[in-house]
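Structure record follows, encoded as structure tokens.
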Amino acid sequence: MQFELTEEHLMIRQAARDFAQIELKPGVIERDEHQKFPAEQVKMLGELGFMGMMVSPDYGGSGMDAISYSLVMEELSKVDASASVVVSVNNSLVCYGLEKYGTEEQKQKYLVPLAKGEVIGAFCLSEPEAGSDATSQHTTAVDMGDYYLLNGTKNWITNGNSASTYIVMAQTDHSKKHRGINALIVEKGMEGFAVGNKENKLGIRGSDTHSLMFTDVKVPKANRIGEDGFGFKFAMATLEGGRIGIASQALGIAAGAYELSVQYAKERKAFGKTLADLQAIQFKLADMATEIEAARLLCHRAAWLKDQGLPYAQAASMAKLFASETAMRTTVEAVQIHGGYGFVKEYHVERLMRDAKITQIYEGTSEIQRIVISREVLK
Ligand code: CAA
């Protein structure tokens, strides 16, 4: 068993850590307050090779492993989870699926610019009446011969406005239930495709979350990913990898709040001592450190299984379940340790607490993760 990171992993982690401190931290409070998308920073992340991390260099990617991806997600999320979710969706839900299941033509046309970070992608599964129950797709893609006629609405789509390439799940044959769902590549600008209002969110406010409307959009047959009816399996398979990304995001949010708490506890004086001298605070920090380390091990294990080509659905769900609950508990405690300062924006922990909540919701709620885990347990 090997617990040590390689030299390459350490270098990648350091690059992400430096980027987060130098490029993300200075404007993060303002972007959160004004719901400003980190466009410049995302462009730089593309130049660093972090938008198509695991994609082969043949398709414009960086050819890194999933452990590196987890490390980068953790470091970026310590500072700015709004930026890191853009990285996660582009890498896991868009690039990964296109590389694994796309045709050569789709890879050349769509994957290459996505992996280079020249454009951003979005993954469109959720609908007003299909969140956790992802098989209940109301969006339709009627087979018209050489194209599909796409109609419907998607909700809560990350990168909803900033994306150029959208992977949209839609029902072609209701009688086949989830086996009648297709995954279609839709381009911004296709006639009949409109982006709805931006959601005014509790957390990850810098990311742009929108509803999308499709009215008689003609999507060429060549833009279908996989065989007819493969869309639901495509969505489930890509979400498996996505859960490693969001688990690592949750880990980063927790670790960011913890690091700020340790620093604050060493500086802040109360009752003639530093907070770090008080056992009540020491115990909180010890619990945080232990849970974060456990979450990190789960994230790295899931990433390692993926890198080995072994089944990792259960491991990814365990990592996401535990890391997201850790993010919630840790950030609440971080605000408590900071007292009144924790309740104001300048100290960052209140934002991390708000950002933590979404990690228990998107890419499958904690309840969905428990379903995936228990199915494996009871197999
Ligand atoms: N890989 C490939 N195929 C899979 C799979 C996987 N990991 N998991 C399931 N499937 C296949 C099954 O084999 C089955 O196929 P057949 O019927 O042909 O044999 C089919 O999919 C249906 O599987 P289930 O019977 O398990 O389906 P279910 O209806 O019971 O649902 C579920 C399972 C786990 C609850 C699933 O619906 C689910 O994960 N829901 C949550 C969806 C979700 O995560 N949404 C998040 C939206 S995306 C997002 O948040 C992105 C963002 O913006 C950040």
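Position 1 is the first residue of the sequence, and the numbers go up from there.
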Looking only at heavy atoms, what is the nearest atom pair of [X] and [Y], with distance?
{"X": "M213", "Y": "G196", "answer": "CE-CA, 3.7 Å"}
{"X": "L275", "Y": "I281", "answer": "O-CB, 3.4 Å"}
{"X": "V349", "Y": "V335", "answer": "O-CG2, 3.8 Å"}
{"X": "A334", "Y": "M288", "answer": "N-CE, 3.6 Å"}
{"X": "A356", "Y": "T331", "answer": "CB-OG1, 3.7 Å"}
{"X": "I244", "Y": "C299", "answer": "CG2-O, 4.4 Å"}

Can a donor-acceptor pair be found, under 3.5 Å and without considering hydrogens, that links the side chain of [X] to the backbone of [Y]?
{"X": "S207", "Y": "S82", "value": "no"}
{"X": "D208", "Y": "F37", "value": "no"}
{"X": "T330", "Y": "A327", "value": "no"}
{"X": "Q106", "Y": "R224", "value": "yes"}
{"X": "N90", "Y": "G121", "value": "yes"}
{"X": "N197", "Y": "H210", "value": "no"}
{"X": "D307", "Y": "A66", "value": "yes"}

(request) May I ask you to say whether K379 pairs ionically with E376, meaning some side-chain N is under 4.0 Å from a carboxylate O? (result) yes
(message) I'd like to know if R329 pairs up with E333 as an ion pair, taking the criterion as any Lys NZ or Arg NE/NH1/NH2 lying under 4.0 Å from an Asp or Glu carboxylate oxygen.
(response) no
Hey, does [Y] have a side-chain heavy atom less than 4.5 Å from the side chain of [X]?
{"X": "I167", "Y": "L184", "result": "no"}
{"X": "T135", "Y": "K177", "result": "no"}
{"X": "T139", "Y": "N151", "result": "no"}
{"X": "E75", "Y": "R13", "result": "yes"}
{"X": "E74", "Y": "S70", "result": "no"}

Partners of [X] by side chain to side chain donor-acceptor pair (under 3.5 Å), sequence neighbours excluded?
{"X": "K107", "value": "none"}
{"X": "T290", "value": "none"}
{"X": "T103", "value": "none"}
{"X": "T172", "value": "N182"}

Listed pairs under 3.5 Å, donor-acceptor, residues 310-317 side chains, sequence neighbours left out:
| residue | atom | partner | partner atom | Å |
| --- | --- | --- | --- | --- |
| S317 | OG | A313 | O | 3.4 |
| S317 | OG | Q369 | OE1 | 2.8 |

Answer yes or no: does atom [atom1] of [X] have more than 12 heavy-atom neighbours from other residues, nucleotides or ligands under 6.0 Å?
{"X": "E8", "atom1": "CD", "answer": "no"}
{"X": "Q336", "atom1": "CD", "answer": "no"}
{"X": "E104", "atom1": "CD", "answer": "yes"}

So which pairs with a foot in [range] pass salt bridge (charged side-chain N to carboxylate O under 4.0 Å, His left out), sequence neighbours left out?
{"range": "residues 19-35", "value": "R31-D80, D32-R354"}
{"range": "residues 132-147", "value": "D143-K221"}
{"range": "residues 243-269", "value": "K78-E259"}
{"range": "residues 187-204", "value": "K109-E187"}

Please check if any side-chain donor atom of [X] sits under 3.5 Å from a side-chain acceptor atom of [Y], or the reverse.
{"X": "S324", "Y": "T359", "value": "no"}
{"X": "H9", "Y": "D65", "value": "yes"}
{"X": "K320", "Y": "Q249", "value": "no"}
{"X": "Y69", "Y": "S92", "value": "yes"}
{"X": "S84", "Y": "S77", "value": "yes"}

Nearest 0.5 Å, what's the [atom1]-[atom2] distance between [X] and [Y]?
{"X": "E127", "Y": "Q137", "atom1": "CD", "atom2": "CD", "result": "4.0 Å"}
{"X": "L10", "Y": "L71", "atom1": "CG", "atom2": "CG", "result": "8.0 Å"}
{"X": "I12", "Y": "I67", "atom1": "CD1", "atom2": "CD1", "result": "11.0 Å"}
{"X": "E293", "Y": "T326", "atom1": "CD", "atom2": "OG1", "result": "11.5 Å"}
{"X": "S126", "Y": "M169", "atom1": "OG", "atom2": "CE", "result": "9.0 Å"}
{"X": "N223", "Y": "E105", "atom1": "CG", "atom2": "CD", "result": "8.0 Å"}

(request) May I have the step-by-step check of side-chain contact (heavy atoms from CB on, under 4.5 Å) for Y147 and V219, ending in yes or no? (result) CA-CA 5 Å; Y147 66 91; V219 184; 5.9 Å; no
Tell me the ring pair (Phe, Tyr, Trp, His ring centres under 6.0 Å) pairs involving [range], sequence neighbours left out?
{"range": "residues 88-142", "answer": "Y101-F230, Y101-F234"}
{"range": "residues 249-298", "answer": "Y264-H338"}
{"range": "residues 152-194", "answer": "Y166-F193, H178-F232, F193-F214"}

(request) Start with the C-alpha distance between Y148 and V142, add both sets of side-chain angles, then the distance that settles side-chain contact (heavy atoms from CB on, under 4.5 Å), and finish with yes or no. (result) CA-CA 5 Å; Y148 287 100; V142 177; over 6 Å; no
Joint hydrophobic cluster, [X] plus [Y], side-chain heavy atoms closer than 4.5 Å:
{"X": "I337", "Y": "M353", "answer": "no"}
{"X": "L352", "Y": "L76", "answer": "no"}
{"X": "V186", "Y": "V195", "answer": "yes"}
{"X": "V168", "Y": "I185", "answer": "no"}
{"X": "L5", "Y": "M53", "answer": "no"}

(request) Test L150 against M190 for side-chain contact (heavy atoms from CB on, under 4.5 Å), laying out the working first. (result) CA-CA 11 Å; L150 184 66; M190 280 182 169; over 6 Å; no
(request) Check step by step if side-chain contact (heavy atoms from CB on, under 4.5 Å) holds for L149 and V217. (result) CA-CA 6 Å; L149 200 60; V217 181; over 6 Å; no
